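One structure below.
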Amino acid sequence: MKDNGEKEEIVRHIALDFSPLEVREVQIEPLGSGSINDSFLLTPSGQGPQAVLQRINKEVFKQPQEVIENARTLFDHLSPKSLPLELLQPLPNRSGAWFSIDPAGEYWRAYSYLPNAQTFDFAATPKLAFEAAQAVGAFLAGLADLDPDRMHTVIPRFHDGLWRFQQFSEALASDPVQRAGAVQDEIAFVLQEKAVFQEVADARFPLRVVHNDTKIANILFREKTETVLAVIDWDTAMPGAILSDFGDMVRTMATTLSEDDDRYSQVALRMEYFEALVKGFVPPLKGTLLPLELRNLVLGAKWIILEQMIRFLADYLNGDTYYKIRFPDHNLVRTRNQMALYSSLRAQEHLLQALVASAIRD
Ligand code: GN1
Ligand code: MG
């Protein structure tokens, strides 16, 4: 294990390598709230644009260069389209390569930084949810003509709920850190609801290039107007089902509290916000979404909330090996939070379904 001084030296070296040649010194600060990769903001001393530098988590992304290639494919595909969104422009290093590998074998890449922006971890107004959904809709509409075969599958079966359930079952069976006893209610809940994943599999949604991680923290808003500047974090963009992107927005934008909040009794799915999401998401994708997809927007939300709950629960059972945690029971808090949100959705399911039916008729 390298000490901190050595690590800092490596980051400084890589940061300079991704800076324009004339830059001699660069300031480095941690950036963002991602639970997988490490991100840094690079500010050159003197002239020059700021950039984002990222170390890709190799435990999660087994082929980091594929993540980097996908980002280039996306950028090249979207940039001629003049979408109403800024794009993340990949930056080459001083040798012209799109990534650098440090002495420890870690992969690094950089892209343009978008200043004067802010992110949120829950939506404070329905308008914010509407804006985000419209932006994600436009982003996905821009990808609708990108052949899924052109994108690497960077994490196989990423949103395959049946497979996520299987991984959870394995964690439960081996119970490596003996936590199963403490989460019996959560386990029973998953077992009771897991048919959702079969329903998703049976629906056979079309494979498209989708974002796969449209949580609210991955939407950049302009500072003053709270309109959307960019859809960021393209790491998991790959072939998948578009309903998972809608579902992840419901999960993080129709909820009352962020996924890290332990006030479970206050976690609820807000109908008005759900409606704003439908109204933002569907119009830009008119002509893209099939009737099969439009009919199943609520299923998309159930799928992703329950899947996220079992991913957090499986990680808790495994002893917190996947997600970064900021306190000991963080994954348990996240699990319970998602369970409360899912229950709230279930209680309003028929109303939500009716709302979708009328929104797509208009
Ligand atoms: C992870 O990349 P980041 O930290 O925004 C995860 C998502 C989860 C999310 C939950 C590659 O997202 O799937 O929904 O945490 N990404 C990966 O906050 O597993
Ligand atoms: Mg991500």
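Every number for a ligand or one of its atoms is a count from 1 in the order of the listing. Quick caveat: nothing in here was measured; it's all calculated off a predicted structure. Quick note: numbers below take in every heavy atom, side chains included, and nothing from hydrogens, waters or symmetry partners.
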One finds that the ligand 1 atoms under 4.0 Å from a non-hydrogen atom of Glu259 are 10 (C), 18 (O)
Can an N or O of Thr236 be found at a distance shorter than 3.5 Å from an N or O of ligand 1? no
Logged contact type for Asn212 with ligand 1, heavy-atom cut-off 4.0 Å, is neither
Closest to atom 15 (O) of ligand 1 by heavy-atom distance, out of Gly34, Ser35, Gly32, Ala217, is Ser35
Do the ring planes of Phe139 and His211 sit parallel (below 30°), tilted (30 to 60°) or perpendicular (above 60°)? perpendicular
Measuring from non-hydrogen atoms of Arg251 to any atom of ligand 1, is the shortest distance under 4.0 Å? yes
Per-atom filter on ligand 1: closer than 4.0 angstrom to a heavy atom of Phe61 are 11 (C)
Rounded to the nearest 0.5 Å, the CD atom of Glu275 sits from the CG atom of Leu351 at a distance of 11.5 Å
Please verify the inter-ring angle class for Phe189 with Tyr342; under 30° counts as parallel, over 60° as perpendicular, anything in between as tilted. perpendicular
Next on the checklist: Is there a polar contact, in the sense of an N or O pair closer than 3.5 Å, between Tyr322 and ligand 1?
Outcome noted: yes
Short version for Asp233: what comes under 4.0 Å of ligand 1, heavy atoms counted, is side chain
Query - Aromatic plane relationship, Phe165 with Phe168 - under 30° parallel, 30 to 60° tilted, over 60° perpendicular - result: tilted
Worksheet item: Does Arg311 come within less than 4.0 angstrom of ligand 1, counting non-hydrogen atoms of the residue?
Response: yes
side-chain contact (heavy atoms from CB on, under 4.5 Å) for Glu226 and Glu131? Distances and angles first, verdict last.
CA-CA 8 Å; Glu226 296 191 353; Glu131 295 281 340; over 6 Å; no
Near Asn218 (heavy-atom distance under 4.0 Å), the atoms of ligand 1 are 5 (O)
Asp213 to ligand 1: N or O pair under 3.5 Å? yes
All heavy atoms of Ile232 vs all of Ile219, minimum pair found to be CG1-N, 4.5 Å
Ala104 and Lys58 have their tightest heavy-atom pair at O-NZ, 4.4 Å
In terms of heavy-atom contacts, Ala241 and Trp303 come closest through CB-CH2, 3.7 Å
